[in-house]
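Below: one structure, written as structure tokens.
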Amino acid sequence: MLSINKLRVEFGPRVLFKDLSFTVNAKERISFAGHNGAGKSTLMKCIAGVIEANDGELSKPRGCKIGYLPQEGIHIRGVTLWDETESAFGEVKAIQSTIDSLSDELIQLDSKSTKYLDTLDRIGELELKLEHFDPNKIKPRVESVLTGLGFKRSDFERDCSEFSGGWQMRIAMAKLFLQEPEVLLLDEPTNHLDIDSQTWMEQYLFAYPGAIIIISHDLALLDALTTRTIAFAHGRAEEYAGNYSFYLKESKLRKEILIKQYESQQKEIEKTKQFIDRFRAKASKASQAQSRLKQLEKMELIEIEQDDAVMQFTFPSPPPSTQMMAKLENASKSYGQRNIFEGFDLTVEKGTRMAIVGPNGAGKSTFCRLITGQEAPDSGHFELGPKSAISFFSQNHADELAPDRSVLETCEAAASRENAPLVRNILGCFLFRGDDVFKKVGVLSGGERSRVALVCMLVRPANFLILDEPTNHLDVQSQEVLQRALSDYPGSYLIVSHNRSFLDPIVTRTIEFRPDTSPQIYHGNISYYLDKKSEEANQDSATQHTKVENNTQKISRKEQRKIEAQKRQKRTQVLKPKQEAFVAVEASIGELEAAQATLLQHLSSPEVTADPIKMQETSQAYEKVNHKLENAYSQWSKLSEEIDELESQLATDS
């Protein structure tokens with residue numbers, strides 16, 4: 001489907017990759033792996049046509065569409081959410097418009113002319129293509145994708161400019177999913193999704209009909225979705241026939257084999273050099289020594305790349321604390337008509353390791369501001385432990401950094417005197433290496449500023465950490481560094497995140513926020529929480545079923561017969577006429593389609609094409625049948641919707 005051949009991309013003297021070649025087959029699931037800056041996003045932009053490679057070629061079949069979701073930079077305004085996502089079906093509308101235009105043109109043409117027949121054939125081709133899209137399903141498909149990604153129906157008519165950057169990315173994602181390109185390119189698609197939306201997206205991707213290439217730091221997603229990995233490092237790309245976990249094991253094995261081959265070659269080189277040095281001066285052995293020297297010069301040397309140093313850091317020793325870090329008692333909070341929570345009790349004790357989850361807008365960030373004392377509850381009581389020293393990382397902290405300071409100056413200013421010497425090492429853990437630390441904050445990307453804000457928070461001595469989406473802009477290696485540091489951290493922490501593979505090993509409790517309901521605490525990690533949610537959903541379904549059965553049993557047989565008779569009467573009076581009309585229209589469509597096929601066959605027969613009168617009569621008959629068929633389709637669609645609505649109403653009434 002897609003072929004990349006000898007691609008080369010460089011920025012100044014730095015070569016990201018060269019002679020890169022691979023193919024993407026239909027319905028493949030491929031991940032790009034490697035540390036930040038290795039070239040993953042750049043290659044994705046090359047495939048999407050956003051930037052041009054320095055050399056090489058990318059080829060695809062004619063008509064193959066490539067859809068690309070970048071990490072950031074989506075700004076949509078001047079159009080409603082519904083209109084923007086529905087525009088994904090612009091091709092459908094364009095096809096219908098072309099059919100209408102050609103049909104109008106057909107009436108003006110001479111039925112004997114070649115152009116008339118060509119136009120007729122073109123209309124037939126376009127109608128077949130339109131059948132594939134099924135315009136009747138456009139509205140339900142748009143609704144399904146938007147609600148799956150967390151939008152409310154009340155959002156549909158809002159202007160896109162009213163949504164924040166994270167929600168704008170969801171709008172772009174929704175439109176891309178609805179377009180269904182043959183190749184889908186996703187660069188960190190989970191960054192702006194909560195757990196519910198991420199779960200929906202994963203299910204959507206599992207069933208996606210095209211090929212998918214994805215960059216993600218969510219290892220659980222990569223392991224579940226992908227079947228092939230292309231890893232980037234040191235200007236090269238290597239392919240692995242498996243998911244991310246397979247890549248980690250296989251790359252380690254390949255490295256071990258390469259080291260053995262390297263050591264063997266080095267021994268051979270050393271022996272050869274000794275032979276040359278020993279015998280080059282002897283006339284009887286000079287030719288052999290010369291031959292060995294030529295062999296040595298032609299030898300293809302095995303190179304061992306030095307792995308990026310695996311950096312580690314530990315948090316500054318936290319100051320002593322009391323057993324109680326923070327407490328909310330009977331706390332309530334709302335914004336206008338929107339109730340965040342009411343009568344909420346929570347005590348954060350020393351050593352707490354808690355994940356905070358829930359859909360966007362449910363109150364997670366509000367809770368973080370309350371528990372840090374930045375906001376007060378509308379009612380109830382908040383108390384911070386007398387020795388609690390809080391360090392809080394929020395997404396908007398990145399926007400508050402001074403743009404004229406360097407990265408190093410910014411982080412050293414935030415560090416205590418004892419930790420100032422460790423700042424360079426910690427910056428290296430989060431991908432600021434070498435001269436990167438001297439860059440001004442003002443020239444950094446949003447993701448880079450977010451990492452600087454995270455480092456500023458980590459170098460402050462604290463015994464109570466609150467982290468709001470800390471992994472959004474971290475590569476896998478940096479995530480592992482932070483994860484290890486948190487695992488060894490003796491203080492308390494609350495983490496807002498949807499990254500299961502990051503959270504599972506380091507949290508022991510999970511608190512879930514839901515709109516219009518009290519927060520729920522689960523005494524386990526994210527996997528435990530998801531299992532419990534699944535059990536609760538099954539229990540709710542079983543309980544509802546039992547209630548229905550019990551209610552049915554409470555009704556006497558006489559009353560039951562009376563109710564059922566009323567239902568049958570209502571169904572007969574209201575639904576039956578629609579169903580009979582629907583069956584009649586279906587039969588009519590079948591007859592008209594058969595007549596249309598027969599007339600189309602006549603139009604191409606030598607007998608008709610040779611006789612202008614017959615040609616005109618047959619064409620007019622075809623147009624008449626075609627018009628009737630269009631009306632029948634419209635009537636069928638209308639009746640189908642009416643029957644669905646009536647059946648839904650009758651089911652609700654019962």
Side-chain angles (χ1 to χ4, degrees), residues 11-14 35-38 41-42 70-73 75 164-166 188 191-192 217 308-309 311-319 365 368-369 372-375 389-475 477-479 481-482 485-486 489 491 493 495-497:
F11 292 107
R14 186 182 174 212
H35 62 76
N36 283 7
S41 293
T42 301
Q71 278 193 47
E72 54 190 2
H75 304 288
S164 66
E188 294 293 352
N191 270 2
H192 304 284
H217 298 146
D308 293 324
M311 297 189 177
Q312 296 190 47
F313 84 95
T314 54
F315 285 97
S317 297
S365 296
C368 288
R369 291 192 295 272
T372 57
Q374 293 184 8
E375 285 189 29
I390 292 177
S391 192
F392 179 31
F393 169 75
S394 70
Q395 293 296 307
N396 62 2
H397 283 175
D399 300 324
E400 298 169 1
L401 300 175
D404 55 340
R405 276 187 171 183
S406 72
V407 171
L408 184 60
E409 289 169 342
T410 301
C411 296
E412 284 181 337
S416 64
R417 182 180 300 177
E418 294 78 11
N419 295 321
L422 305 176
V423 168
R424 285 293 293 266
N425 177 57
I426 298 173
L427 282 169
C429 294
F430 296 98
L431 309 178
F432 292 102
R433 296 165 186 166
D435 292 340
D436 289 342
V437 299
F438 302 115
K439 288 181 179 178
K440 298 293 184 184
V441 169
V443 304
L444 301 179
S445 68
E448 288 172 326
R449 286 198 302 274
S450 182
R451 295 203 304 271
V452 173
L454 179 60
V455 172
C456 287
M457 175 236 161
L458 299 178
V459 295
R460 297 188 190 105
N463 52 33
F464 188 14
L465 308 178
I466 299 177
L467 308 172
D468 190 355
E469 297 289 1
T471 66
N472 271 3
H473 299 286
L474 301 184
D475 66 359
Q477 189 181 50
S478 298
Q479 282 187 37
V481 168
L482 179 58
L486 285 168
Y489 177 64
Y493 52 74
I495 305 176
V496 179
S497 180

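The figures that follow rest on heavy atoms only: side chains count, while hydrogens, waters and symmetry mates do not. In this chain, numbering begins with 1 at the start of the sequence shown.
Side-chain contact between L467 and S497: absent, with no pair of heavy atoms (C-beta onward) separated by less than 4.5 Å. Within the 4.5 Å cutoff, the side chain of F430 has heavy atoms near those of the L482 side chain. Side-chain contact between C456 and F393 is absent, with no heavy atoms from C-beta onward closer than 4.5 Å. Proximity of C368 to V496: side-chain heavy atoms (C-beta onward) are separated by under 4.5 Å at one or more points.
Although no hydrogens or angles enter the test, the distance criterion places no donor-acceptor pair under 3.5 Å between the side chain of N463 and the main chain of P318. With S391 contributing its side chain and M457 its backbone, the two residues share a donor-acceptor pair below 3.5 Å. Checking side-chain atoms of S478 against main-chain N and O of C429 turns up a donor-acceptor pair under 3.5 Å. Under a 3.5 Å cut-off, the side chain of R449 and the backbone N or O of L444 do form a donor-acceptor pair.
The CZ atom of R460 lies 12.5 Å from the CD1 atom of I390; values are rounded to the nearest 0.5 Å. Rounded to the nearest 0.5 Å, atoms CZ (F438) and CD (E409) are 9.5 Å apart. Taken to the nearest 0.5 Å, the CD atom of Q374 stands 10.5 Å off from the OG atom of S365. In this structure, CD on E188 lies 7.5 Å from OG on S41, to the nearest 0.5 angstrom.
Scanning both residues, P461 and P316, for their nearest heavy atoms gives CA-CB, 4.0 Å. Considering all non-hydrogen atoms of both residues, F432 and V452 come closest at CZ-CG2, 3.6 Å. For the residue pair V423 and C411, the shortest heavy atom distance occurs at CG1-CB, 3.6 Å. Looking at every heavy atom in both residues, A413 comes nearest to R405 through CB-NH1, 3.2 Å. Nearest heavy atom pair, residue N191 against residue Q71, reads ND2-OE1, 4.2 Å. Contact detail for E375 and R369: the closest heavy-atom pair is OE2-NE, 2.6 Å.
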(request) Verify side-chain contact (heavy atoms from CB on, under 4.5 Å) between L486 and L465, making sure each step is shown before the conclusion. (result) CA-CA 10 Å; L486 285 168; L465 308 178; 4.0 Å; yes

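Salt bridge status for K439 with D436: present, with a side-chain N to carboxylate O gap under 4.0 Å.
With T410 as reference, L401 is the one residue of L427, V437, L401 to meet the side chain to side chain contact (heavy atoms under 4.5 Å, CB included) rule.
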